[in-house]
Amino acid sequence: AVVCFHKYPDEYVPSTFSKLIISSLDGASRSYDISGPISRQIDSLMEKIESSLDFWNDPVDGLPRRSKFDFNNEDKKVLREIISNAYVHRDYKKPSNIQVTIFNDTIEVKSPGTFLEGYSWDFYLEMEEMTSNRKNELIARYLDSLGNYEGRGLGFKAIREYISHYGRDSIEFQQIG
């Protein structure tokens, strides 16, 4: 309940804040710590990501910037789902936070934890009938009630649809640990 409702959940559950890192084309980067209830963190991450990508796509001195991103509604939907899944499926006992990094041509989402034993990224991409195996059922229900989460088993459906439209290499997954 603390991570869903408390104004400063990291005072009670360590590492429940998020980190957004925006790497610029000149090699410099900006970093933001985002705290608060999970729903506010997801909203803040999405707002900052969108404004950062809008900034990158604005011309400088009349010349277009070099950026791969054309952040359309499908991109927003799947990124929001990936970020929401990072909160729903993370291991809150690990002393690490969710981190989103924007590079010139990639957005990377890191979350402490792994898939439940016996499940993998490929398993979910290839399964015919979607099911959900949530690590944090109450957090999932909370986000679902707010409309911040696709719901049971629907996150991977959105990811699979995105991959079928944009190609298997449009989303890369790596499990560490």
Side-chain angles (χ1 to χ4, degrees), residues 1-24 28-58 69 71-103 106-116 119 121 124 130-159 162 171 173-177:
V2 169
V3 296
C4 293
F5 301 110
H6 199 278
K7 190 173 182 177
Y8 303 107
D10 46 302
E11 291 179 2
Y12 300 94
V13 182
S15 301
T16 54
F17 67 94
S18 305
K19 185 171 282 296
L20 174 64
I21 300 170
I22 302 168
S23 178
S24 67
S29 63
R30 291 175 285 160
S31 177
Y32 303 93
D33 288 345
I34 299 171
S35 62
I38 290 172
S39 60
R40 186 175 320 142
Q41 289 186 46
I42 293 168
D43 289 342
S44 294
L45 280 167
M46 290 303 297
E47 288 169 12
K48 287 190 180 302
I49 290 167
E50 286 185 54
S51 66
S52 297
L53 295 178
D54 287 344
F55 171 77
W56 270 8
N57 289 323
D58 287 342
F69 295 108
F71 206 53
N72 62 40
N73 286 335
E74 288 178 65
D75 296 329
K76 292 174 190 175
K77 178 181 176 180
V78 80
L79 181 59
R80 183 178 200 85
E81 188 59 28
I82 289 170
I83 290 171
S84 296
N85 274 322
Y87 288 94
V88 170
H89 298 289
R90 77 164 280 182
D91 183 346
Y92 285 89
K93 295 176 186 166
K94 290 194 174 189
S96 184
N97 57 345
I98 290 173
Q99 180 175 301
V100 179
T101 306
I102 301 175
F103 298 101
T106 308
I107 298 176
E108 178 180 271
V109 180
K110 292 182 180 179
S111 177
T114 59
F115 281 106
L116 294 171
Y119 298 94
W121 174 260
Y124 285 109
M130 296 309 295
T131 69
S132 181
N133 300 290
R134 300 166 166 175
K135 280 190 177 181
N136 301 294
E137 180 68 32
L138 295 177
I139 292 172
R141 286 185 192 177
Y142 166 70
L143 292 177
D144 191 28
S145 74
L146 297 175
N148 283 350
Y149 188 65
E150 286 293 317
R152 182 175 292 278
L154 298 177
F156 258 94
K157 181 180 179 201
I159 291 169
Y162 188 88
I171 299 178
F173 176 83
Q174 182 179 14
Q175 181 166 299
I176 302 170

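Given the structure is predicted, the values throughout are model-derived calculations rather than measurements. Along the sequence shown, residues carry numbers from 1.
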| said: Using the side chain to side chain donor-acceptor pair (under 3.5 Å) criterion, which residues pair with Tyr162? Sequence neighbours excluded. | reply: Asp75
| message | Using 0.5 Å steps for rounding, measure from the OG atom of Ser18 to the CD1 atom of Ile38. | response | 8.5 Å
| Sequence-distant partners of Thr16, side chain to side chain donor-acceptor pair (under 3.5 Å), two or more places apart | none
| To the nearest 0.5 Å, what is the distance between OG (Ser39) and CD (Gln41)? | 9.0 Å
| field | Stepwise side chain to side chain contact (heavy atoms under 4.5 Å, CB included) check, Val109 with Leu79 | value | CA-CA 9 Å; Val109 180; Leu79 181 59; 4.2 Å; yes
| message | Let me confirm one number: the CG-CD1 distance from Leu20 to Ile107, rounded to the nearest 0.5 Å. | response | 9.5 Å
| More than 12 heavy atoms from other groups under 6.0 Å of NZ on Lys110 | no
| query | Do you know the tightest heavy-atom contact between Ala86 and Ser111? | reply | O-OG, 3.0 Å
| field | Closest heavy-atom pair and its distance - Ser15, Pro95 | value | OG-C, 3.5 Å
| field | Heavy-atom pair with the smallest gap, counting every atom of Met46 and Lys76 | value | CE-O, 3.7 Å
| Looking only at heavy atoms, which two atoms of Gly36 and Pro9 are closest? And how far apart? | O-CG, 3.2 Å
| task | To the nearest 0.5 angstrom, please state how far the CD1 atom of Ile82 sits from the CD atom of Glu108. | result | 12.0 Å
| message | Working to the nearest 0.5 angstrom, can you tell me the gap between Asp33 CG and Ser44 OG? | response | 12.0 Å
| request: Would you please test Trp121 and Ile171 for side chain to side chain contact (heavy atoms under 4.5 Å, CB included) and show each step? | output: CA-CA 11 Å; Trp121 174 260; Ile171 299 178; 3.6 Å; yes
| task | Identify whether NZ of Lys or CZ of Arg in Arg90 sits under 6.0 Å from the centre of the six-membered ring of Tyr87 and within 45° of that ring's axis. | result | no
| What are the two closest non-hydrogen atoms of Tyr92 and Ile139, and how far apart are they? | CE1-CD1, 3.6 Å
| Taking all atoms of both residues into account, what is the closest heavy-atom pair of Ser52 and Ile22, and its distance? | OG-CD1, 2.8 Å
| Nearest-0.5 Å distance that lies between atom OG in Ser29 and atom CD1 in Ile21 | 6.5 Å
| Selection residues 2-12 - residue pairs positive for salt bridge (Lys or Arg N to Asp or Glu O under 4.0 Å), sequence neighbours left out | none
